[in-house]
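Structure first, commentary second.
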Amino acid sequence: MNGNLRIDLDRLMGRIFRLGEIGALPGGGVKRLALSDEDKIGRDLVTEWMRDLGLAVSVDRIGNVWGIRPGAEDLAPVMIGSHIDSVATGGLYDGVLGVLAGLEIIERLNDAGIHTRHPLAVGFFTNEEGARFPPDMMGSGVNQGALDLDEMLTAVGIDGKTVGVELERIGYAGDVPPGTLRPACFLEIHVEQGPVLEEEGIEIGAVTGVQGISWTEFTVSGVSNHAGTTPMRLRHDAGIVSARIAAEARAIADDLGPPQVATVGVIEFGPGLVNVVPESARLTVDLRNTDDAVLKAAEARLRTAAECFAAAEGCGLEVRKLARFAPVPFDPDTVDLIARTAEALGHSVRRMPSGAGHDAQMFAPNCPTAMVFVPSKDGLSHNVKEFTAPEDIRAGADVLLQLALSRAGVVDNAGETS
Ligand SMILES: [Zn+2]
């Protein structure tokens with residue numbers, strides 16, 4: 001019976017567009033930086049929607065907001081959530097979809113008079129983007145115990161304001177302490193923010209986990225000298241060492257194959273003049289993989305190669321870790337259930353890792369967690385042109401609805417759970 005239940009696409013799109021009016025940018029898209037005035041107005045609107053749907057709303061000390069629809073039994077809630085803050089040039093769907101699809105599911109169940117065994121919770125988490133205050137995934141991280149509350153309340157933003165002061169100012173310094181929310185499972189639907197689903201013509205991504213991230217800075221020191229008079233054999237060229245490190249990073253990704261990726265995002269030479277052998281070079285390498293052992297091997301190979309290149313050129317080398325996050329695997333049973341549910345609803349599906357971080361990864365160590373991806377047109381995100389076709393949103397939200405029902409358990413009129 002409930003297998004036939006479907007979301008109301010027009011109602012869901014209506015909420016997405018209504019929230020998109022807050023902080024709207026002239027060329028489309030939104031700017032709702034965490035804890036800004038626009039974020040406050042967006043929060044007020046979504047919280048009002050939660051109350052209208054009969055949810056019991058809680059706000060925790062880092063400003064996360066969630067609403068609970070009671071279950072037939074006093075159990076931990078099945079939770080659906082994401083974020084409504086954006087980067088400075090954000091799209092309409094990033095994060096918002098995961099929150100508003102949750103509200104649509106609640107409204108659909110309310111309309112149909114369906115009761116679940118577990119309560120259902122829908123929430124949005126503070127400062128997922130990290131665009132105003134570092135680090136990203138702050139709210140979900142504090143809520144699930146990965147980040148320290150007091151430390152985060154004193155985090156300073158790009159405008160010099162602190163999280164704690166801004167939370168008070170916009171009225172979202174709640175009183176629920178971290179560690180209170182312990183869902184039975186956590187589900188998040190999100191736009192892919194990459195090109196894979198669109199390129200392969202697939203409707204649903206069953207996300208297997210979030211990639212591990214390794215950021216390293218290499219600083220090479222050599223000797224600057226005349227570009228015309230210094231024989232090649234006598235050079236200590238910091239520039240060529242850094243270029244070889246960059247090429248090695250690409251070779252590592254090529255040799256290991258997907259999902260390994262490698263990016264040199266920064267490369268700077270000193271003094272940086274056309275006719276001077278560089279005396280210094282600084283570059284950053286971003287390595288990502290879903291398998292921590294492979295990621296560690298990639299890091300080790302790059303480091304050894306960098307040391308060889310520097311030694312061969314008679315240059316010094318300093319290596320500094322800028323960031324390191326281990327991969328986060330999602331719950332295999334829930335990933336399987338997403339794939340089966342998508343197929344049962346007639347949608348094409350592929351398993352895939354997430355290249356970006358998400359709130360779900362903060363819940364994954366504490367409860368069964370998984371994510372549903374829907375295609376992003378041209379792979380664009382963090383861009384005002386971010387777009388996901390309404391039919392893809394419908395497909396993803398329908399999968400999420402069935403997933404939530406399956407995890408929460410439906411209670412029929414006789415009080416039996418199916
Ligand atoms: Zn997001």
Side-chain angles (χ1 to χ4, degrees), residues 12 15-16 19-20 22-23 25 28-36 38-39 42-43 46 62-66 79-103 122-144 146-147 186-198 204-205 207-211 213 288 325 328 330 352-364 369-388 392-393 396-397 400:
L12 172 54
R15 282 203 179 101
I16 290 172
L19 184 52
I22 299 167
L25 294 170
V30 292
K31 179 181 180 183
R32 278 196 310 271
L33 294 178
L35 314 184
S36 63
E38 292 77 21
D39 188 25
R43 287 164 167 266
V46 176
I62 197 76
N64 299 315
V65 177
W66 64 89
M79 178 145 206
I80 296 168
S82 195
H83 62 98
I84 61 167
D85 69 316
S86 82
V87 297
T89 55
L92 294 188
Y93 307 92
D94 178 356
V96 164
L97 175 60
V99 180
L100 301 186
L103 292 188
V122 178
F124 57 87
F125 302 100
T126 297
N127 188 34
E128 191 275 345
E129 294 288 5
R132 185 180 177 201
F133 304 97
D136 52 5
M137 293 166 282
M138 181 185 279
S140 47
V142 168
N143 186 280
Q144 291 299 297
L147 295 171
F186 185 86
L187 308 170
E188 181 171 1
I189 181 173
H190 203 283
V191 292
E192 180 198 340
Q193 306 182 281
V196 174
L197 292 173
E198 182 185 55
I204 300 289
V207 185
T208 51
V210 178
Q211 296 190 108
I213 301 178
R288 302 188 189 207
F325 299 103
V328 179
F330 287 153
M352 62 192 301
S354 171
H358 293 290
D359 290 309
Q361 76 194 71
M362 294 300 180
F363 286 83
T369 296
M371 292 183 74
V372 175
F373 272 177
V374 288
S376 294
K377 186 173 187 312
D378 300 326
L380 281 180
S381 186
H382 288 188
N383 184 314
V384 298
K385 294 202 170 69
E386 177 187 276
F387 179 76
T388 296
D392 290 332
I393 287 178
L400 188 68

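All values below were derived from every heavy atom in this structure, side-chain atoms included, with hydrogens, water molecules and symmetry-related copies excluded. As the structure is a prediction and not an experimental result, all values here were calculated from the model. First listed ligand is number 1; within each ligand, the first listed atom is number 1.
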For this session: With H358 as reference, evaluate F330, F186, F373 under the ring pair (Phe, Tyr, Trp, His ring centres under 6.0 Å) test and give the passing residue.
Result: F373
Problem set entry | N/O donor-acceptor pair under 3.5 Å between D136 side chain and E128 backbone | no
Problem set entry | Nearest atoms (heavy-atom pairs only) where V30 meets S86 | O-OG, 3.5 Å
For this session: Using modelled atom types only, decide if a donor and an acceptor are shared between the side chain of R132 and the backbone of A34 within a distance under 3.5 Å.
Result: yes
For this session: Keeping the roles fixed (side chain from E192, backbone from V196), state whether a donor-acceptor pair exists under 3.5 Å.
Result: yes
Problem set entry | Any side-chain donor near an acceptor of the partner, N127 and H83, under 3.5 Å | no
Exercise. For the Zn ion (ligand 1), how many protein N, O or S atoms come closer than 2.8 Å?
Worked result: 3
